[in-house]
Amino acid sequence: MEFLYLLEKIRCPFLDVFFQIVTEFGYELIALGVICVFFWCVNKNFGYEMGFAFFASGMLVQGLKITFRIDRPWVLDPDFKPVGSAIEDATGYSFPSGHTQCATTLFSSLAIRFKRVWLKVVFVIMFLLVGLSRMYLGVHTPKDVLVSMAITLICVFIFHKVFAKIADNKKHDLLIAFVLSAVSLAVMIYSLVLEGKGIITDPKYALDCCKTGGAGLGFALGWYVERRWIDFSVQTKKIWQQFIKVAVGIAIALVLKEVPKSIFGDTAIVGMIRYMLVTFWIVGVYPAFVKKAFCKE
């Protein structure tokens with residue numbers, strides 16, 4: 001808490017706005033949007049690599065959240081005051097940081113992919129700034145941020161090394177899909193059991209786990225379907241078709257994400273189904289339309 005109090009002393013309106021903008025880069029929709037662009041338009045295998053790292057680290061982070069159940073800094077220390085504008089989006093337990101996990105997956109993956117040193121430096125600075133923003137805003141402690149970064153960087157490194165070996169070898173696709181599906185289901189069941197026993201006192205904590213698990217499950221199923229039956233190409237006949245491809249794909253993904261919520265509410269089961277539909281659409285359904293409508297022969 002000492003470091004958070006130190007950051008509190010340097011708060012000012014300019015830095016409040018600056019770090020509130022920076023922290024936006026840690027939202028899941030930003031990371032998923034970039035993954036979609038790479039997966040649909042630039043390099044499908046790199047999109048898969050980012051996706052696996054994103055969902056694996058996300059499930060680890062969410063699993064740790066409900067296991068340790070550490071409250072937010074202002075709950076741990078009632079005398080501490082976070083930046084007011086950041087409280088609304090600071091849902092769930094504090095340890096580890098979900099925003100840091102999203103940003104670290106995105107920018108560390110980009111840092112590995114791009115060869116120019118200045119770009120690598122920019123991407124590293126970006127995920128470090130997102131982590132700093134979570135502490136400046138007072139919604140996470142240094143432990144929350146650093147553990148999240150460490151977990152995510154390990155996942156990114158592992159999948160970067162492993163995926164180079166499996167990208168062009170499909171004989172293990174079913175096993176990979178089964179393992180990711182099993183882990184996703186385990187995270188969801190674990191959260192629902194803890195909620196059922198009253199260990200998790202607020203349903204929104206289980207909701208976050210079910211969303212992450214549902215997304216991982218949809219990604220695993222989509223991975224197998226696309227690799228087994230679709231195998232689309234990112235290349236299009238015309239460059240402008242890439243923009244249409246992204247706009248249509250993301251628009252429908254947002255509909256799948258928001259419409260069930262507006263009809264059935266934001267329960268854990270509905271959250272799981274919503275996020276499973278979104279990722280399965282991105283990976284396992286939309287590529288079939290892309291292949292038919294946009295891909296070069």
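Computed from a predicted model, the values in this text were never measured in an experiment.
Aromatic pair Trp74/Phe80: ring centres not closer than 6.0 Å. Checked against the 6.0 Å centroid threshold, Phe14 and Phe19 do not count as a close aromatic pair. Between Phe219 and Phe52, the gap from one ring centroid to the other is short of 6.0 Å.
Under the ring-ring contact (aromatic ring centres under 6.0 Å, His included) criterion, Tyr190 pairs with no residue at all, not counting sequence neighbours.
Using a 4.5 Å cut-off between side-chain heavy atoms of Ile, Leu, Val, Met, Phe, Trp and Tyr, with links allowed through other members, Leu194 and Val61 fall into different hydrophobic clusters. In this structure, Phe46 is a member of the same hydrophobic cluster as Leu180, with clusters built from ILVMFWY side-chain heavy atoms closer than 4.5 Å. Residue Val156 is not grouped with residue Val122 when hydrophobic side chains (ILVMFWY) are merged at heavy-atom distances under 4.5 angstrom, including chains of intermediate members. Both Phe25 and Leu129 belong to a single network of hydrophobic side chains, linked directly or stepwise wherever heavy atoms of I, L, V, M, F, W or Y lie under 4.5 Å apart. Following chains of ILVMFWY side-chain contacts shorter than 4.5 Å, one can reach Phe107 starting from Phe159, so the two form part of one hydrophobic cluster.
Counting heavy atoms of neighbouring residues, nucleotides and ligands inside a 6.0 Å radius, atom CZ of Phe114 exceeds 12 of them. Taking a 6.0 Å sphere around CZ of Phe243, one finds it holds 12 or fewer heavy atoms contributed by other residues, nucleotides or ligands.
Here the shortest heavy-atom pairing between Arg72 and Tyr93 reads NH2-O, 3.6 Å. Taking every heavy atom of both residues into account, Leu192 and Ala268 meet most closely at CD2-CB, 3.9 Å.
Note that CE of Met272 is 13.5 Å distant from NZ of Lys211, once rounded to the nearest 0.5 Å.
With hydrogens and angles left out, the side-chain atoms of Gln101 and Thr152 include no donor and acceptor closer than 3.5 Å. Side chains of Ser148 and Thr100: no donor on one and acceptor on the other come within 3.5 Å. Between the side chains of Tyr275 and Glu28, at least one donor N or O sits under 3.5 Å from an acceptor N or O. With 3.5 Å as the limit, one finds no donor-acceptor pair spanning the side chains of Gln241 and Lys238.
Using cut-offs of 30° and 60° on the angle between ring planes, the pair Phe289 and Trp281 is tilted. Using cut-offs of 30° and 60° for the angle between ring planes, the Tyr48 and Phe39 rings count as perpendicular.
A salt bridge does not link Lys204 with Asp266: every distance from a Lys NZ or Arg NE/NH1/NH2 to an Asp or Glu carboxylate oxygen is 4.0 Å or more. Of the charged side-chain nitrogens involved, at least one lies within less than 4.0 Å of a carboxylate oxygen, so that Lys44 and Asp231 count as a salt-bridged pair.
In this structure a side-chain-to-backbone donor-acceptor pair under 3.5 Å is present from Trp223 to Asp173. Not one N or O on the side chain of Lys143 forms a donor-acceptor pair closer than 3.5 Å with the backbone of Phe95.
Considering only heavy atoms from C-beta on, Tyr136 comes within 4.5 Å of Asp16 through its side chain.
By the 6.0 Å and 45° rule, Arg69 does not stack over the aromatic ring of Tyr205.
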